[in-house]
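Just dropping this structure here.
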Amino acid sequence: MQTLYANLMGSVVVVWALLRFTRALPIHGLLDGAARALFSMWLGYALAHGVTGLLWGFLAVEVTFGLVQLVPWWRSRPYRDRVVAVGHE
């Protein structure tokens, strides 16, 4: 059963990666960053409940790449809010 779930998640990751390579859009970065944040929370939960310490390395990678993907969205937020506000006047 664990192998089935690992293969399922691996398939989803491969399809998502192919989408990101072939049709990269800014929204994909936002969604990928959100997924990394969610996955990081699950990793933290697992680590808090005694799972192997090897996951700390994975957690560091996920948090780092999640920040790399989400910080540009966070910084551009005031600009997007102004554009939306001006467009609705």
| said: Taking side-chain contact (heavy atoms from CB on, under 4.5 Å) as the definition, give me every residue that meets it alongside Leu4, ordered by chain and number, with sequence neighbours left out. | reply: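 Counting only residues at least two positions away or on another chain, Leu4 forms a side-chain contact (heavy atoms from CB on, under 4.5 Å) with Met1.
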| field | Remaining members of hydrophobic cluster (4.5 Å side-chain criterion), Leu18 | value |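 Leu18 clusters with Val14.
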| query | Which residue pairs pass the side-chain hydrogen bond (donor to acceptor under 3.5 Å, both in side chains) test with at least one member in residues 48-58, sequence neighbours excluded? | reply |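 Pairs touching residues 48-58 that pass the test: none.
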| request: Treat each ILVMFWY residue as a node, draw an edge where side-chain heavy atoms are under 4.5 Å apart, and state whether Leu19 and Leu25 are in one component. | output: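 The answer is yes; both residues are in one hydrophobic cluster.
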| task | Any pair with a residue in residues 7-23 that passes salt bridge (Lys or Arg N to Asp or Glu O under 4.0 Å), sequence neighbours left out, goes on the list, sorted by first then second residue, please. | result |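 Only Arg20-Asp32 qualify under salt bridge (Lys or Arg N to Asp or Glu O under 4.0 Å).
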| field | Residues forming a side-chain contact (heavy atoms from CB on, under 4.5 Å) with Val51, sequence neighbours excluded | value |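 Counting only residues at least two positions away or on another chain, Val51 forms a side-chain contact (heavy atoms from CB on, under 4.5 Å) with Ala46, Leu55.
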| Would you say Val15 and Phe21 are hydrophobically clustered, going by side-chain heavy atoms of ILVMFWY under 4.5 Å? |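 Each belongs to a different hydrophobic cluster.
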| Apart from Trp42 itself, which Ile, Leu, Val, Met, Phe, Trp or Tyr residues share its cluster (side-chain heavy atoms under 4.5 Å, direct or through members)? |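 Via sub-4.5 Å side-chain contacts, Trp42 links to Leu38, Met41, Tyr45.
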| Phe65 reachable from Leu67 in the ILVMFWY side-chain graph, under 4.5 Å edges |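 Unlinked, Leu67 and Phe65 end up in two clusters.
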| task | Please list all pairs passing the side-chain hydrogen bond (donor to acceptor under 3.5 Å, both in side chains) test where one or both residues lie in residues 57-66, with sequence neighbours left out. | result |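 side-chain hydrogen bond (donor to acceptor under 3.5 Å, both in side chains) check on residues 57-66 returns Arg36-Glu62.
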| task | Identify, with sequence neighbours excluded, every residue that meets side-chain contact (heavy atoms from CB on, under 4.5 Å) alongside Val13. | result |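 Checked Val13 against side-chain contact (heavy atoms from CB on, under 4.5 Å); zero matches.
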| field | Leu70 to Gly33 - nearest heavy-atom pair and separation | value |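 In terms of heavy atoms, the two residues are closest at CD1-O, 3.6 Å.
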| task | Report yes or no: do Trp16 and Trp73 belong to one cluster of Ile/Leu/Val/Met/Phe/Trp/Tyr joined by side chain heavy-atom distances under 4.5 Å? | result |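 The answer is yes; both residues are in one hydrophobic cluster.
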| request: Apply side-chain contact (heavy atoms from CB on, under 4.5 Å) to Met9 and list each qualifying residue two or more places apart in sequence or on a separate chain. | output: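 With sequence neighbours excluded, Met9 shows a side-chain contact (heavy atoms from CB on, under 4.5 Å) to no residue whatsoever.
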